[in-house]
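I have placed the structure first, in the form of structure tokens, so that the comments after it can refer back to it.
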Amino acid sequence: MGAGAVGMVFADTLLSQDDKATVTFVDRHARPLCGYPRESHGRDAEPCPARKDRARGRVMKRLAATLLLAIAAPLLSVCGPVNSASSAALAHPEATPFDPEANADRDVEDALLQARLNDRLTLAVFGANWCHDSRALAGWLASPRFQQLIEDHYEVVYVDVGVPQDGEGRNLDLAAMAGVTDIEGTPTVIVYASDGKVLNADTAKGWRNAASRSGDEIYAELADYAAR
């Protein structure tokens, strides 16, 4: 059975009582409808095809919306939930610096080395380009507003982690070495002191709502680490 036929079967079985009344009741004294003779429109007659199709159409639209949400839900769950109440915060810059082909071990090692030599912090962002929260955080970090803060206090390294919740994660061992395990959402952000000590092991996984945070909130948290 084709998808269209399956959909029509569902539509027929999920019609509300009002919809059924709409497609099955035709007054025996009404004017002819849909090009059918008056005699064919008694209460027990076959429903008017046009009216029945319209009712089915309404049900199909409801089914389509439900299916769309069911398909989108898994992707939202592995990134971060979109907070509709934070629509103002959603106006954020975006960037896609996560490279699945990069040598993440070497990149993290180089960042930690430079941070130690220059007495700076290391900001390791474990995320992915498919994730709106990862893109939002990377966008803020690359924006002019954050430029001075980053230049003065941080070495930033981006680590692509794939899709951890689907069992397709990568480079998770690097986070585990910092004491951050069982990553289920992106991004995860680890802040290292200049001597390599992890400063935020307990809160590193709390950045998965980055797209719903304001630039002020993100800036304030990073500035707080820099001031320690």
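Clustering ILVMFWY residues whenever any of their side-chain heavy atoms sit less than 4.5 angstrom apart, transitively, puts Tyr192 in a cluster other than the one holding Tyr225. Using a 4.5 Å cut-off between side-chain heavy atoms of Ile, Leu, Val, Met, Phe, Trp and Tyr, with links allowed through other members, Val157 and Val191 fall into different hydrophobic clusters. Linking Ile, Leu, Val, Met, Phe, Trp and Tyr residues whenever their side-chain heavy atoms come within less than 4.5 Å leaves Val198 and Tyr154 in two separate clusters.
The shortest side-chain heavy-atom distance between Leu117 and Ser194 does not fall under the 4.5 Å cut-off. Side-chain atoms of Leu123 and Leu222, non-hydrogen and from C-beta on, do get closer than 4.5 Å to each other. Between Tyr158 and Leu141, the closest side-chain pair of non-hydrogen atoms falls below 4.5 Å. Leu137 is listed as a side-chain neighbour of Trp207, based on a closest heavy-atom distance under 4.5 Å.
The line from CG of Leu121 to CG of Leu149 is 9.5 Å long, rounded to the nearest 0.5 Å. Between the CZ atom in Arg116 and the CG atom in Leu112 there is a gap of 8.0 Å [rounded to 0.5 Å]. To the nearest 0.5 Å, atom CZ of residue Arg208 and atom NE2 of residue His132 are 9.0 Å apart. In this structure, Ile150 CD1 and Arg120 CZ are separated by 8.5 Å, a value rounded to the nearest 0.5 Å. Annotation: the span from Ile190 atom CD1 to Leu199 atom CG amounts to 11.0 Å, rounded to 0.5 Å. Taking OG1 of Thr188 as the reference point, atom CG of Asn200 lies at 10.0 Å (rounded to 0.5 Å).
Looking at Asp160 and Arg170, a side-chain N of the basic residue comes within less than 4.0 Å of a carboxylate O on the acidic one, giving a salt bridge. A salt bridge is absent between Lys205 and Glu184: the closest approach of a Lys/Arg side-chain nitrogen to an acidic carboxylate oxygen does not fall below 4.0 angstrom.
By the 6.0 Å contact criterion, CD on Gln114 is enclosed, its count of non-hydrogen atoms from other residues, nucleotides or ligands being greater than 12.
Counting all heavy atoms, side chain and backbone alike, Ile218 lies closest to Ala210 at CD1-O, 4.1 Å. In plain terms, the two heavy atoms of Ala201 and Ala178 that are nearest each other are CB-O, 4.3 Å. Nearest heavy-atom pair across Thr186 and Cys131 is OG1-SG, 3.2 Å. Shown here for Ala136 and Ala211, the closest heavy-atom pair between the two residues is CB-CA, 3.7 Å. A pairwise comparison of heavy atoms in Ser134 and Gly127 identifies OG-CA, 3.5 Å as the closest pair. What you find for Asn118 and Glu155 is that their closest heavy atoms are ND2-OE2, 4.3 Å.
Side-chain atoms of Ser214 come within 3.5 Å of backbone atoms of Glu217 as a donor-acceptor pair (strictly under, hydrogens ignored). Listed for the Asn171 side chain is no donor-acceptor partner under 3.5 Å among the backbone atoms of Ala104. Using modelled atom types, no side-chain atom of Asp133 and backbone atom of Pro187 make a donor-acceptor pair closer than 3.5 Å. Side-chain atoms of Asn103 come within 3.5 Å of backbone atoms of Arg106 as a donor-acceptor pair (strictly under, hydrogens ignored). No donor-acceptor pair under 3.5 Å is formed between the side chain of Arg135 and the backbone N or O of Thr96.
Note that Arg145 lies in the cation-pi zone of Tyr219, set by a 6.0 Å cut-off to the ring centre and a 45° limit from the axis.
Tested against Phe126, the residues Val180, Leu172, Val161, Val189 include a single side-chain contact (heavy atoms from CB on, under 4.5 Å) partner, Val161.
Aromatic ring orientation, Phe146 versus Trp140: tilted (interplanar angle from 30° to 60°).
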